[in-house]
Amino acid sequence: QRFLAPCGTKDRAPLTIIELGAGCGLCGLVAAAVSCPSRVILTDESTELAGRNAAAFTEAYPELASVEVRHSGAFGCYWSRGPLFNDVRS
(Lines give C-alpha, C1' and ligand atoms only; values in the text may rest on other atoms or scores of the structure.)
Protein backbone atom coordinates (compact mmCIF):
# COMPACT_ATOMS: atom_id res chain seq x y z
CA GLN A 1 0.00 0.00 0.00
CA ARG A 2 2.99 2.27 0.50
CA PHE A 3 3.70 2.16 -3.23
CA LEU A 4 0.15 2.02 -4.58
CA ALA A 5 -2.32 4.85 -4.07
CA PRO A 6 -5.40 3.45 -2.34
CA CYS A 7 -8.82 3.72 -3.94
CA GLY A 8 -10.54 7.00 -3.30
CA THR A 9 -7.35 9.09 -3.18
CA LYS A 10 -8.43 12.65 -3.92
CA ASP A 11 -6.80 14.89 -6.51
CA ARG A 12 -5.01 11.99 -8.15
CA ALA A 13 -4.23 12.02 -11.85
CA PRO A 14 -5.57 9.04 -13.81
CA LEU A 15 -3.28 6.10 -13.15
CA THR A 16 -2.12 3.54 -15.72
CA ILE A 17 -0.28 0.41 -14.59
CA ILE A 18 1.86 -1.53 -17.06
CA GLU A 19 3.10 -4.97 -16.06
CA LEU A 20 6.03 -6.07 -18.19
CA GLY A 21 6.46 -9.81 -18.55
CA ALA A 22 3.09 -10.41 -16.91
CA GLY A 23 2.95 -14.18 -17.25
CA CYS A 24 -0.44 -14.97 -15.70
CA GLY A 25 -1.03 -11.27 -14.91
CA LEU A 26 -1.41 -11.71 -11.14
CA CYS A 27 0.63 -8.65 -10.10
CA GLY A 28 -1.17 -6.32 -12.52
CA LEU A 29 -4.60 -7.63 -11.50
CA VAL A 30 -3.81 -7.26 -7.78
CA ALA A 31 -2.63 -3.71 -8.44
CA ALA A 32 -5.89 -3.07 -10.31
CA ALA A 33 -7.90 -4.26 -7.32
CA VAL A 34 -5.87 -2.38 -4.70
CA SER A 35 -5.07 0.97 -6.30
CA CYS A 36 -8.07 1.48 -8.61
CA PRO A 37 -6.16 2.67 -11.68
CA SER A 38 -8.11 3.77 -14.71
CA ARG A 39 -6.23 1.31 -16.92
CA VAL A 40 -4.00 -1.76 -16.58
CA ILE A 41 -1.89 -3.12 -19.43
CA LEU A 42 -0.47 -6.64 -19.10
CA THR A 43 2.33 -7.51 -21.53
CA ASP A 44 4.01 -10.82 -22.23
CA GLU A 45 5.41 -12.82 -25.09
CA SER A 46 2.55 -15.30 -24.63
CA THR A 47 -0.75 -13.63 -23.82
CA GLU A 48 -3.08 -16.64 -23.55
CA LEU A 49 -3.06 -17.10 -19.75
CA ALA A 50 -2.99 -13.38 -18.93
CA GLY A 51 -5.85 -12.88 -21.39
CA ARG A 52 -8.03 -15.50 -19.71
CA ASN A 53 -7.29 -14.09 -16.25
CA ALA A 54 -7.93 -10.52 -17.39
CA ALA A 55 -11.28 -11.54 -18.90
CA ALA A 56 -12.30 -13.30 -15.67
CA PHE A 57 -11.20 -10.27 -13.61
CA THR A 58 -13.13 -7.84 -15.82
CA GLU A 59 -16.24 -10.03 -15.65
CA ALA A 60 -16.03 -10.34 -11.86
CA TYR A 61 -15.15 -6.66 -11.22
CA PRO A 62 -16.54 -4.57 -14.10
CA GLU A 63 -16.44 -1.40 -11.98
CA LEU A 64 -12.65 -1.57 -11.64
CA ALA A 65 -9.93 -0.75 -14.15
CA SER A 66 -9.97 -1.43 -17.83
CA VAL A 67 -7.54 -4.34 -18.34
CA GLU A 68 -5.75 -4.81 -21.67
CA VAL A 69 -3.44 -7.65 -22.64
CA ARG A 70 -0.82 -7.05 -25.29
CA HIS A 71 1.91 -9.09 -26.91
CA SER A 72 5.19 -7.63 -25.73
CA GLY A 73 6.87 -7.78 -29.10
CA ALA A 74 10.15 -8.16 -27.26
CA PHE A 75 12.61 -11.01 -27.24
CA GLY A 76 11.90 -13.87 -24.89
CA CYS A 77 14.00 -14.55 -21.84
CA TYR A 78 14.41 -18.27 -21.30
CA TRP A 79 15.80 -18.83 -17.84
CA SER A 80 16.88 -22.41 -18.55
CA ARG A 81 19.31 -21.64 -21.37
CA GLY A 82 21.65 -18.97 -22.62
CA PRO A 83 24.65 -17.15 -21.17
CA LEU A 84 22.86 -15.78 -18.09
CA PHE A 85 21.74 -19.24 -16.99
CA ASN A 86 25.17 -20.72 -17.69
CA ASP A 87 26.82 -18.02 -15.52
CA VAL A 88 24.43 -18.70 -12.65
CA ARG A 89 24.87 -22.48 -12.87
CA SER A 90 28.66 -22.40 -12.59
Side-chain angles (χ1 to χ4, degrees):
Q1 191 171 17
R2 184 174 145 203
F3 298 103
L4 296 172
C7 294
T9 301
K10 294 182 180 183
D11 302 322
R12 184 183 75 182
L15 178 65
T16 297
I17 293 174
I18 301 174
E19 183 181 359
L20 304 175
C24 67
L26 178 63
C27 294
L29 296 176
V30 168
V34 172
S35 65
C36 298
S38 55
R39 190 168 108 169
V40 174
I41 302 170
L42 308 175
T43 68
D44 204 282
E45 183 179 12
S46 173
T47 58
E48 182 182 346
L49 183 56
R52 282 189 281 153
N53 290 339
F57 179 87
T58 302
E59 184 177 328
Y61 306 103
E63 71 281 3
L64 294 180
S66 161
V67 180
E68 303 170 34
V69 180
R70 297 185 184 176
H71 183 269
S72 64
F75 68 91
C77 181
Y78 301 97
W79 298 105
S80 61
R81 56 183 185 227
L84 177 63
F85 181 73
N86 292 334
D87 290 344
V88 172
R89 260 193 332 193
S90 34

> Taking all non-hydrogen atoms of both residues, which atom of A50 and which atom of G23 are closest, and how far apart?
Replying inline: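 Smallest heavy-atom distance, with atoms named: CB-O, 3.4 Å.
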>> So, applying side-chain contact (heavy atoms from CB on, under 4.5 Å) with L29, which one of V67, V34, L64, T58 is it?
In response: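 Looking at V67, V34, L64, T58, the match for L29 under the side-chain contact (heavy atoms from CB on, under 4.5 Å) is V67.
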> Applying the 4.5 Å side-chain criterion to the ILVMFWY set and letting contacts propagate, would I41 and F57 be lumped into a single cluster?
Replying inline: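 No: no chain of side-chain contacts under 4.5 Å links I41 to F57.
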>> Is there a path of hydrophobic side-chain contacts, each under 4.5 Å between heavy atoms of I/L/V/M/F/W/Y residues, joining V30 to L20?
In response: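 Unlinked, L20 and V30 end up in two clusters.
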Hey, what do you get for [atom1] ([X]) to [atom2] ([Y]), rounding to the nearest 0.5 Å?
X	Y	atom1	atom2	result
T43	I18	OG1	CD1	8.0 Å
L42	H71	CG	NE2	14.0 Å
R39	I17	CZ	CD1	11.5 Å

